[in-house]
Every structure is written in structure tokens, then in C-alpha cells.
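Reckoned from all heavy atoms, side chains included, excluding hydrogens, waters and symmetry mates.
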Amino acid sequence: MFLNDQETATDLLYFEAISRTVVRLIDASKNDPLTIGIHGDWGAGKSSILKMIQSSWEDDGTLCLWFNGWAFEGFDDAKTVVIETVVEELTRARPKMADVKEAATKLRKRIDWLKLARKTGGLALTAFSGVPTPDIVSDAVGLIKGLVDNPGEAISIEKLVDWASTASEFVKDAPEEAGGTPAHMHAFREEFAALLDAAKVQRLVVMVDDLDRCLPSTAIATLEAIRLFLFVERTAFIIGADEAMIEYAVKDHFPELPPSSGPVSYSRNYLEKLIQVPFRIPALGAAETRIYVSLLLAENALGSDDPIFTQLIAAARDQLKKPWLIQGLDRSAIEEEIGRLPAPIDNALAISAQVSAVLSEGAHGNPRQIKRFLNTMMLREAIAEERGFADDIERSTLAKIMLAERFAPSFYGELAKLAAGDINGSPKAIKALEGHAKVSGSAQSVSAADEEPVEPPAEVGEWLTSEWIVRWAKTEPKLAGKDLRPYVFVTRDKRSALSGVAANQHLEAIIERLMAGRISATQSIEDLRKLTGMEPEAVFNALRDHILATDKPSRKPDGVDGLAVLVEHHPQLQPRLVELLEALPTEHIGAWAVSSWSKALQSTNSIERFDLLKNKWSKQTENKKLQSAAKATDLLPRARNL
């Protein structure tokens with residue numbers, strides 16, 4: 001019924017072309033160490049491409065390992081975690097080889113030294129690599145034993161005793177070579193190469209996924225571990241990450257970097273040092289989005305193993321070779337190939353034709369966002385069926401209403417109010433909008449049977465200034481004359497669209513106080529703390545809807561201060577708040593969108609997402625006041641100091 005958002009085994013986007021290119025590149029590089037970046041926004045399909053690459057090697061001489069940086073978020077030392085994980089996975093892949101166990105044991109001692117360096121808090125840590133020499137550690141042990149005899153007020157004797165005892169064991173088992181950090185670095189790489197020899201690995205390929213979801217320190221430590229310790233002959237690392245997030249991590253990790261004197265920033269130079277070959281996943285165009293939507297819906301209806309769906313995939317693959325020459329799946333070509341189209345495929349082609357153009361633009365060609373839109377649409381159809389009004393819902397009309405909800409929330413709020421207030425659920429303003437948009441687009445598109453448009457109502461005149469709304473109005477199907485109330489009901493999260501702002505009187509009273517300003521909102525803290533279950537969500541939705549529907553978002557809307565207080569006392573709503581801010585119309589909002597949330601956003605993930613949004617606002621030029629407000633905030637230190 002719903003579309004899985006995990007990496008897919010079915011290649012609907014012809015990413016196989018990218019995976020095959022990466023495999024050829026690695027095979028051609030022979031024994032040379034190599035780092036390859038698979039870059040793209042969150043949800044662009046990086047993990048799916050890594051899975052395809054991993055499945056490409058069946059030769060026993062090439063060993064593929066997987067490292068998910070996000071899965072190890074929160075570990076004390078990300079640098080040693082990635083090294084240790086690669087060694088352990090390699091050992092696990094060759095469980096019956098005695099030489100592998102012996103070589104791995106030597107490497108584990110090196111890793112123990114890295115962990116020791118971490119425990120010293122920098123005392124035995126060299127600036128270049130993080131590998132302590134035996135002499136440094138021995139001196140550190142002596143120093144700490146002296147501190148134990150004469151402890152300072154802020155020093156825990158128990159921790160120092162434990163550290164000194166542990167470090168003494170490492171000193172006793174220290175590797176024999178001298179020469180400091182360079183010698184240890186060289187020895188580590190030699191021992192890692194010896195492990196590859198023992199495992200009979202001709203080429204080790206390590207997939208590093210979800211690095212852009214990690215905190216900046218984790219991302220940088222992982223990349224440095226790869227380059228400093230594991231970058232040896234016969235190794236290739238394929239890193240799936242959004243390069244913008246990695247650049248952000250570099251700026252966060254090295255905040256004192258001076259401005260670059262050249263055309264490329266220091267953060268970009270650093271990234272290019274770490275990753276030799278970048279592959280950027282292109283965003284889907286309108287034609288590719290149309291094919292993708294068709295395939296998703298067809299697979300959902302028929303199943304990936306259905307022979308007709310297999311034929312459909314083959315036809316799509318052929319057309320995706322040159323996407324600039326197509327507009328979508330060619331219905332006539334498909335019918336020649338498989339005969340009369342089954343109803344699910346016919347329906348999939350119709351829906352994709354209706355939503356793809358606007359969806360491609362609104363979702364910026366991001367496959368995950370497209371999937372989420374389709375999943376939400378199918379969920380709402382299921383809700384309508386369960387509630388008994390599925391016959392009142394047409395999928396194409398629902399899709400069009402949802403396009404407005406997703407990509408023009410203020411317009412959607414007005415549309416919902418008009419539909420709820422009309423006795424037939426068919427506001428005249430919609431008919432006027434569609435008629436005027438049709439004429440304004442092309443006089444030739446109006447047939448003799450079409451009515452001449454009258455002077456549009458005031459709100460329609462404002463709608464017509466929006467290129468997006470005009471384009472939406474021209475999109476089929478037409479909404480004039482349709483009862484939109486079932487669609488508004490099923491697309492609203494709560495009953496506030498059709499009746500009160502909340503489901504009962506005590507919530508309505510709280511919402512009214514939260515709408516009245518910060519003083520009134522602060523006086524409602526005790527009532528907010530008593531909210532349980534879905535009540536905080538209901539209050540949030542009511543305030544959110546009001547903010548999105550405001551006529552002049554350049555001024556702080558009523559409810560902003562109340563929303564901040566609500567989220568401050570119900571922190572589980574922080575992701576919802578960030579989603580709201582991301583949905584605001586950049587060209588119209590005021591500086592309040594930047595400065596109202598200092599106490600509301602406290603979690604690391606929410607702060608980082610908001611910082612990224614502020615960074616985006618600071619770079620846009622269509623709203624100068626918002627740009628100035630965003631530039632005035634210091635984006636990086638706040639997230640770093642948590």
C-alpha cells in the first residue's frame with residue numbers, strides 16, 4: 001500500500017549507469033588507493049547506488065565492506081571506531097584464516113594505542129595523527145601518578161588511578177619500533193597491508209554511508225581516519241554524502257580558517273583533498289520525475305516481480321538513456337510492447353502526468369520527497385476509505401489539492417477556508433482563478449464553450465501575481481464546481497479546517513492565549529505542561545495553520561510567540577517546528593523567522609537543521625530583510641557548543 005523509503009533493490013532511476021561507472025573506475029585503478037564521493041542531497045539515492053556498487057563484485061579477490069557513520073554516532077572516538085570496524089569486518093569475512101587472526105591482533109594493538117591517546121584528552125596526543133609514542137605515554141603515566149599523590153581539587157583520583165593502570169599495561173605491550181609518530185604511521189599502514197595479504201584480498205572496497213547525517217566532529221574524524229590510516233594500496237573508499245554538509249562540517253571543525261584567497265573556499269579544498277573523484281547525482285527533471293512516479297505507483301500496485309512491471313521497467317530504462325528527448329513513458333510504445341495496459345498502469349500514467357511537472361519543481365527532483373508526497377496521498381485515500389467517504393475522493397483532485405498544501409501553504413490555507421465557508425464547498429474564487437489563469441496563459445486555449453472570465457475577486461487578483469498558483473490553476477483536473485470539503489478535511493491534520501481550531505474547549509482556550517502574545521503565552525506555561533497524548537500536537541497544528549495562512553508574513557504573525565513557548569515545553573515538537581520554518585515562503589517572511597526560536601530549539605539535530613536553513617536564507621537575495629537577519633546570526637558556534 002505504501003512506498004518503502006529504504007534503499008531499493010529495484011533500480012527505477014537508471015542509477016545502474018553511475019554504479020557501473022564507479023566499478024569500472026575502481027577496476028581500472030588497479031592497486032592505487034582511491035576515494036570516491038557519491039554526492040547528493042538527503043534522499044537523492046546515494047545509499048541505493050552504494051548497494052548497487054556492492055552487488056557488482058562477485059570475484060573473491062574483491063572484498064566489499066559497509067560502514068555506516070551514523071550508526072556509530074555518539075561513540076567517544078569516531079576515528080578509532082571506523083578503523084576498528086574495518087579491521088573487524090575484514091576479519092569476520094575471513095573467519096577460518098589463521099594468518100588473518102594474527103595480523104588483526106597486531107593491528108588491534110595499534111588501535112588500542114589510538115584509544116589510549118583519546119583517553120589522555122590530548123596529553124599524549126600528537127597534533128598530526130593522534131598516535132602516541134611509547135615515550136610520550138610513559139611520561140604521561142609518570143605525570144598522572146604524581147598527580148595522584150598530590151591531587152588538585154578538580155581531579156578525580158579514581159579516574160586517574162584507573163587511567164594510569166590502563167596506560168601502564170599499554171606501555172608494557174608497546175610496539176618495539178621507535179621514531180615517534182611517522183614510524184608508527186608507517187608501521188600501521190604496513191600492518192594493514194599485511195592483513196590484506198593474509199586475507200588474500202586483491203582489492204578492498206569500503207562503502208561509507210550516511211556520513212552527512214553525523215555531527216561535524218564525527219564526519220571529519222571518519223574522513224581523517226580513512227586518509228591517515230587506511231589509505232593504502234589496494235583500498236578504495238566510496239563515500240555517500242551531501243558535499244554541502246561535509247563542507248559545513250569542515251567549517252565547524254576548523255572555525256578559525258581565514259577567507260580563501262582563491263576562487264575555491266578552504267572547506268571545498270579540504271573536501272577535494274579527501275575525496276579524489278566526485279560523482280554528483282543529478283536532480284530529476286520533469287520527464288524523469290514523471291517516469292519515476294509512474295514506476296513507483298505501478299510497482300506498488302503490481303509488485304516488483306510481476307512480469308508486466310518487469311516489461312515496464314525495461315521500457316523506462318530504454319527511455320531514460322536520453323531523458324532530454326522524452327516527456328515521460330510513451331503510452332503507445334508501451335502498448336506495442338505489452339499490449340493493452342492493465343488498469344493500475346493506466347492509472348499510474350494518468351497520475352504521473354498530472355502531478356509530475358509541479359512535483360518535480362516543488363520537490364527539487366528529490367526522490368525521497370517525491371515518495372513522501374505519494375505516500376501521504378495514499379495514506380489519505382486509506383483514511384477516506386476507513387471513514388466511509390472514499391467515493392467522494394478522486395485521486396487526481398486529491399493530488400492537485402495536496403500540491404497546493406505542500407508547495408503553497410498560505411494559498412492552501414485560504415483555499416481551505418473558502419471551501420469550508422461555501423454552502424456547496426465550491427467557492428466562486430476557484431472558478432474565477434481557473435478561468436482567468438486559462439485566458440491569461442493563452443487566448444487560443446479558450447474554446448467557444450468557455451465562459452468569458454469576469455473581474456476576479458480581490459483574493460484572486462493576489463493569487464494571479466504568483467506564477468506557481470497560476471501554473472497550479474492550469475493543471476488538470478479543474479476544481480470549479482467540485483465539492484472540495486472532503487479533500488480539505490482529509491488533507492488537514494485536525495478538524496480545525498472545518499470547525500473550531502481544536503477538538504475541545506480547553507484546547508481552544510489555550511490556543512487563544514497562545515495567540516495573544518508572549519506575555520499571555522508565558523502565563524499559560526502551567527496549562528501547557530498539563531497537555532498529554534496528542535494534545536500538544538493538536539495545539540501546534542492550530543498555531544501552525546494560522547501562521548501559514550497569515551496575509552502578511554513579513555510582520556510577525558499572531559501565534560509565533562505562543563508556538564515558541566509551546567515547543568520549549570514540549571521538545572518532541574522541535575522537528576515539526578523546523579519543518580514549519582522550512583515551509584515558509586522565503587520571499588515574504590520577515591526577520592521574526594530567524595530570531596524567535598532561541599529557547600524552543602535545543603536538540604542538536606533541530607539546531608543543525610535550523611542553522612542550515614538560516615545559512616540558506618543568508619545566501620538568497622529575493623528577501624533582503626530576511627537575508628540581513630540571517631547573516632547577523634552566528635550559525636556555527638551555537639551547534640558546536642552544545
**Request:** Applying side-chain contact (heavy atoms from CB on, under 4.5 Å), run through Arg609 and Leu613 and close with a yes or a no.
**Result:** CA-CA 6 Å; Arg609 283 181 61 188; Leu613 180 60; over 6 Å; no
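Listed here is the closest heavy atom pair of Phe309 and Leu295: CE1-O, 3.5 Å. Minimum interatomic distance between Ala429 and Leu418 (heavy atoms only, all atoms of both residues): CB-CD1, 4.0 Å. Heavy-atom minimum distance, Gly425 versus Pro427: O-CD, 3.5 Å.
Summarising the local packing, CZ of Arg280 is surrounded by more than 12 heavy atoms from other residues, nucleotides or ligands at distances under 6.0 Å. More than 12 heavy atoms of other residues, nucleotides or ligands shown are found within 6.0 angstrom of CZ on Arg529. Around CD of Glu587, the count of heavy atoms belonging to other residues, nucleotides or ligands within 6.0 Å exceeds 12.
In terms of the salt bridge (Lys or Arg N to Asp or Glu O under 4.0 Å) criterion, residue partners of Asp527 (sequence neighbours excluded) are, by chain and number, Arg513.
The side chain to side chain contact (heavy atoms under 4.5 Å, CB included) test with Leu374 is passed by exactly one of Met377, Lys371, Arg372: Met377. Considering Leu577, Leu573, Val539, Leu580 in turn, Leu580 is the only one that fulfils the side chain to side chain contact (heavy atoms under 4.5 Å, CB included) rule with Arg544.
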Cut-off 3.5 Å, no hydrogens considered: what does the side-chain donor-acceptor table look like for residues 553-562, sequence neighbours left out?
residue : atom : partner : partner atom : Å
Lys556  : NZ   : Asp561  : OD1          : 3.1

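In this structure, Phe411 has its ring center at least 6.0 angstrom away from the ring center of Trp468.
Counting only residues at least two apart or on different chains, no salt bridge (charged side-chain N to carboxylate O under 4.0 Å, His left out) pair has a member in residues 620-630.
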